[in-house]
Amino acid sequence: MSRPPEDHSDSTPEPRLPGSTDASGASPSPVSPEARATRPPAVTVLSLIVAAEATALLGAAAWYATQLVTGAPVLSFWGAVFTLVLLVSFAAWLYAVAYFLFRGYRWPRAGALVAQLFVLTIGFPTLTGGYVAAGFAMLVPALVAVVLLFNKGVISYASRAGGAPPAL
């Protein structure tokens, strides 16, 4: 005895796993487009702080390069070149963190936190070493950024996962 064919026209669609693709091949975002359209102001402020820190690093790299080219004394030329490459690389990394944080990805939050901890580590001795203006210029944005990184709106907005859909 056979069963009659089932009518699937009014059935509910199967739930999709995160990262899976739909029929068009597009990967759905974990946050609805309507919710993603409302970017919290804290995300914008946080992205601007990180981008400003990256710009300051590029400025320091430019100053360091001019000192290196004009013949300022260094103990090791290649060590100075390595330091210059490190400054430029770290600035590029911070620009990427700021950009992808602004777009709502989740991984830049960790990168931004690590960068702020580095800035705090350098800013506090700078402040207590007698360079008050430079110390405050490092500490205040870093403290604001750390507070904003744990803001509920930032956490909920920065929840998009990157990468390709799962293989299986």
Side-chain angles (χ1 to χ4, degrees), residues 18-19 27 29-164 166:
S27 172
S29 176
V31 179
S32 68
E34 295 82 23
R36 184 147 315 276
T38 58
R39 178 179 294 117
V43 170
T44 304
V45 171
L46 186 57
S47 297
L48 288 174
I49 288 173
V50 174
E53 290 170 345
T55 304
L57 269 178
L58 275 183
W63 176 78
Y64 196 79
T66 57
Q67 292 297 312
L68 190 60
V69 169
T70 59
V74 293
L75 292 176
S76 167
F77 176 76
W78 291 111
V81 170
F82 174 75
T83 304
L84 179 62
V85 169
L86 203 61
L87 284 170
V88 172
S89 300
F90 194 52
W93 176 70
L94 278 178
Y95 278 126
V97 165
Y99 175 74
F100 286 107
L101 185 64
F102 187 75
R103 300 249 341 254
Y105 286 87
R106 73 175 131 192
W107 67 265
R109 288 186 58 241
L113 180 63
V114 168
Q116 302 319 309
L117 292 177
F118 279 133
V119 171
L120 290 172
T121 303
I122 295 169
F124 186 72
T126 303
L127 179 70
T128 59
Y131 299 101
V132 178
F136 275 123
M138 286 187 251
L139 288 176
V140 172
L143 288 173
V144 170
V146 168
V147 169
L148 290 178
L149 280 168
F150 295 102
N151 183 323
K152 186 171 40 170
V154 171
I155 292 171
S156 65
Y157 178 77
S159 62
R160 188 165 108 186

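Nothing here was measured: the structure is a model prediction, and the numbers come from that model.
Summarising the geometry, atom CD1 belonging to I155 is positioned 11.0 Å from atom CG belonging to L148; distances are rounded to the nearest 0.5 Å. Going from atom CG of L94 over to atom CG of L101 covers 11.5 Å, rounded to the nearest 0.5 Å.
Listed here is the closest heavy atom pair of A134 and T126: CB-CG2, 4.0 Å. Considering all non-hydrogen atoms of both residues, P40 and G153 come closest at CG-O, 3.6 Å. Taking both residues in full, the closest heavy atoms of V119 and A142 are given as CG1-CB, 3.8 Å, listed atom of the first, atom of the second, then distance. Closest heavy-atom contact between T121 and P125: O-CD, 3.0 Å.
The closest side-chain heavy-atom distance from V97 to W107 is below 4.5 Å. Under the 4.5 Å side-chain criterion, counting only non-hydrogen atoms from C-beta, E53 is in contact with Q116. Within the 4.5 Å cutoff, the side chain of F100 has no heavy atoms near those of the R106 side chain. With a 4.5 Å cut-off on side-chain heavy atoms, T38 and Y157 do not count as touching.
Judged by distance alone, the side chain of R109 and the main-chain N or O of L149 form a donor-acceptor pair under 3.5 Å.
Cation-pi geometry between R39 and F102 is met: under 6.0 angstrom from the ring centre, within 45 degrees of the axis.
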Please list, one pair per line, the donor and acceptor atoms closer than 3.5 Å that link side chains of residues 75-85 to other protein atoms, with sequence neighbours excluded.
unit_1	atom_1	unit_2	atom_2	d
S76	OG	G79	N	3.1
T83	OG1	G79	O	2.9

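Between S47 and Y99, the side chains place no donor N or O within less than 3.5 Å of an acceptor N or O (distance only, hydrogens not considered).
Under the 30°/60° scheme for interplanar angles, the aromatic rings of F90 and F118 are found to stand perpendicular.
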